[in-house]
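Note that this is a predicted model, so its numbers are computed, not measured. Starting from 1, each residue takes its place in the sequence as its number.
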Amino acid sequence: MSNIKTNLEAIFEGIRQNKIVETFEKYYDEKVVMFEKGDSTNRVGKEQNRVAEQGFQSNATIHELKIIKVLIDGNNSAYESEMTFTYGGHKITKTQWAIQEWTPSGLIVKEEFF
(Lines give C-alpha, C1' and ligand atoms only; values in the text may rest on other atoms or scores of the structure.)
Protein backbone atom coordinates (compact mmCIF):
# COMPACT_ATOMS: atom_id res chain seq x y z
CA MET A 1 0.00 0.00 0.00
CA SER A 2 1.18 3.48 -0.80
CA ASN A 3 2.14 5.68 2.12
CA ILE A 4 -1.13 7.27 3.26
CA LYS A 5 0.59 9.69 5.65
CA THR A 6 2.84 11.03 2.89
CA ASN A 7 -0.11 11.38 0.52
CA LEU A 8 -2.20 13.19 3.16
CA GLU A 9 0.65 15.62 3.81
CA ALA A 10 0.85 16.32 0.06
CA ILE A 11 -2.93 16.91 -0.04
CA PHE A 12 -2.69 19.34 2.89
CA GLU A 13 0.10 21.23 1.13
CA GLY A 14 -1.92 21.37 -2.10
CA ILE A 15 -4.87 22.88 -0.21
CA ARG A 16 -2.60 25.42 1.48
CA GLN A 17 -1.29 26.46 -1.96
CA ASN A 18 -4.83 26.84 -3.36
CA LYS A 19 -4.15 23.93 -5.75
CA ILE A 20 -7.33 22.05 -4.85
CA VAL A 21 -8.21 20.77 -8.33
CA GLU A 22 -4.62 19.78 -9.13
CA THR A 23 -4.42 17.90 -5.82
CA PHE A 24 -7.78 16.25 -6.45
CA GLU A 25 -6.62 15.01 -9.87
CA LYS A 26 -3.49 13.45 -8.41
CA TYR A 27 -4.83 11.77 -5.25
CA TYR A 28 -8.44 10.74 -5.99
CA ASP A 29 -9.60 7.56 -7.74
CA GLU A 30 -11.88 7.59 -10.82
CA LYS A 31 -14.63 5.91 -8.74
CA VAL A 32 -14.37 8.31 -5.80
CA VAL A 33 -17.51 9.02 -3.77
CA MET A 34 -17.41 12.22 -1.71
CA PHE A 35 -20.14 13.45 0.57
CA GLU A 36 -21.09 15.82 3.33
CA LYS A 37 -22.63 14.35 6.48
CA GLY A 38 -24.11 11.24 4.88
CA ASP A 39 -25.44 12.70 1.62
CA SER A 40 -23.72 11.09 -1.38
CA THR A 41 -26.52 11.70 -3.89
CA ASN A 42 -24.69 14.18 -6.13
CA ARG A 43 -20.99 13.34 -5.77
CA VAL A 44 -20.38 9.91 -7.23
CA GLY A 45 -17.43 9.42 -9.60
CA LYS A 46 -14.47 11.61 -10.36
CA GLU A 47 -16.23 13.76 -12.96
CA GLN A 48 -19.05 14.87 -10.64
CA ASN A 49 -16.62 15.48 -7.80
CA ARG A 50 -14.29 17.39 -10.12
CA VAL A 51 -17.13 19.83 -10.87
CA ALA A 52 -17.64 20.40 -7.13
CA GLU A 53 -13.91 20.90 -6.51
CA GLN A 54 -13.62 23.30 -9.47
CA GLY A 55 -16.60 25.27 -8.16
CA PHE A 56 -15.03 25.63 -4.74
CA GLN A 57 -11.59 26.54 -6.07
CA SER A 58 -12.96 29.16 -8.45
CA ASN A 59 -14.79 30.92 -5.59
CA ALA A 60 -12.39 30.42 -2.67
CA THR A 61 -8.99 31.60 -1.53
CA ILE A 62 -7.38 29.53 1.22
CA HIS A 63 -5.62 31.63 3.85
CA GLU A 64 -4.70 28.94 6.36
CA LEU A 65 -5.12 25.22 6.95
CA LYS A 66 -4.36 23.86 10.41
CA ILE A 67 -4.31 20.11 10.87
CA ILE A 68 -5.43 19.30 14.40
CA LYS A 69 -5.46 15.48 14.38
CA VAL A 70 -4.59 12.70 11.91
CA LEU A 71 -5.62 9.06 12.38
CA ILE A 72 -4.54 6.20 10.08
CA ASP A 73 -5.68 2.58 10.34
CA GLY A 74 -5.06 0.17 7.46
CA ASN A 75 -6.52 1.68 4.29
CA ASN A 76 -8.51 4.32 6.23
CA SER A 77 -7.56 7.75 7.45
CA ALA A 78 -9.25 10.67 9.16
CA TYR A 79 -8.19 14.16 10.02
CA GLU A 80 -9.59 17.14 11.86
CA SER A 81 -8.77 20.50 10.37
CA GLU A 82 -9.46 24.19 10.73
CA MET A 83 -9.44 26.12 7.49
CA THR A 84 -9.72 29.86 7.03
CA PHE A 85 -10.70 30.96 3.55
CA THR A 86 -12.53 33.64 1.64
CA TYR A 87 -15.53 32.38 -0.32
CA GLY A 88 -17.64 34.72 -2.42
CA GLY A 89 -16.11 37.71 -0.66
CA HIS A 90 -16.78 36.40 2.86
CA LYS A 91 -14.01 35.27 5.22
CA ILE A 92 -14.89 31.93 6.84
CA THR A 93 -13.21 29.71 9.42
CA LYS A 94 -14.46 26.13 9.35
CA THR A 95 -13.52 23.18 11.53
CA GLN A 96 -14.32 19.75 10.14
CA TRP A 97 -13.42 16.08 10.11
CA ALA A 98 -12.65 14.29 6.84
CA ILE A 99 -12.63 10.50 6.67
CA GLN A 100 -11.00 8.70 3.72
CA GLU A 101 -10.83 5.17 2.35
CA TRP A 102 -7.76 4.52 0.19
CA THR A 103 -7.06 2.10 -2.66
CA PRO A 104 -3.93 -0.10 -2.50
CA SER A 105 -2.36 2.21 -5.10
CA GLY A 106 -2.68 5.22 -2.78
CA LEU A 107 -5.76 7.01 -4.14
CA ILE A 108 -8.81 8.14 -2.18
CA VAL A 109 -11.90 6.17 -3.23
CA LYS A 110 -14.29 7.49 -0.56
CA GLU A 111 -14.28 10.69 1.47
CA GLU A 112 -16.84 12.03 3.91
CA PHE A 113 -16.85 15.39 5.67
CA PHE A 114 -18.41 16.15 9.05
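Considering only residues two or more places apart in sequence or on other chains, R16 meets the side chain to side chain donor-acceptor pair (under 3.5 Å) condition with none of them. Looking at residues two or more places apart in sequence or on another chain, you find a side chain to side chain donor-acceptor pair (under 3.5 Å) between T6 and N3. Remark: E111 engages no residue in a salt bridge (Lys or Arg N to Asp or Glu O under 4.0 Å) (not counting sequence neighbours). Annotation: ring pair (Phe, Tyr, Trp, His ring centres under 6.0 Å) contacts of Y28 (sequence neighbours excluded): F24. Partners of E22 according to the salt bridge (Lys or Arg N to Asp or Glu O under 4.0 Å) rule, which considers only residues two or more places apart in sequence or in another chain, do not exist here. For F56, the ring pair (Phe, Tyr, Trp, His ring centres under 6.0 Å) partners are F85, Y87, not counting sequence neighbours.
The environment of NZ in K110 is sparse: at most 12 heavy-atom neighbours from other residues, nucleotides or ligands sit within 6.0 Å.
Between R50 and E25 there is a salt bridge, with a side-chain nitrogen of the basic residue lying less than 4.0 Å from a carboxylate oxygen of the acidic one. A salt bridge links E53 with R43: the distance from a Lys NZ or Arg NE/NH1/NH2 to an Asp or Glu carboxylate oxygen falls below 4.0 Å.
Residues Y79 and Q100 share a closest heavy-atom pair of CE2-NE2, 3.1 Å. For N18 against A60, the heavy-atom pair with the smallest separation is OD1-O, 4.2 Å. Across every non-hydrogen atom of L65 and S81, the tightest pair is CD1-CB, 3.8 Å.
Side-chain atoms of E82 and I68, non-hydrogen and from C-beta on, do get closer than 4.5 Å to each other. Under the 4.5 Å side-chain criterion, counting only non-hydrogen atoms from C-beta, V109 is not in contact with L107. Counting heavy atoms from C-beta on, the side chains of N75 and E101 come closer than 4.5 Å. Taking the side chain as every heavy atom from C-beta outward, L71 and W97 approach each other to under 4.5 Å.
A distance-only check finds no donor-acceptor pair linking the side chain of D29 to the backbone of T103 [under 3.5 Å]. The main-chain N or O of G88 is never found under 3.5 Å from a side-chain atom of N59 such that the two would form a donor-acceptor pair.
Under the side-chain contact (heavy atoms from CB on, under 4.5 Å) test applied with W102, the options N7, N76, I72 reduce to a single match, N7.
Note: L8 CG to I108 CD1 = 6.5 Å, rounded to the nearest 0.5 Å.
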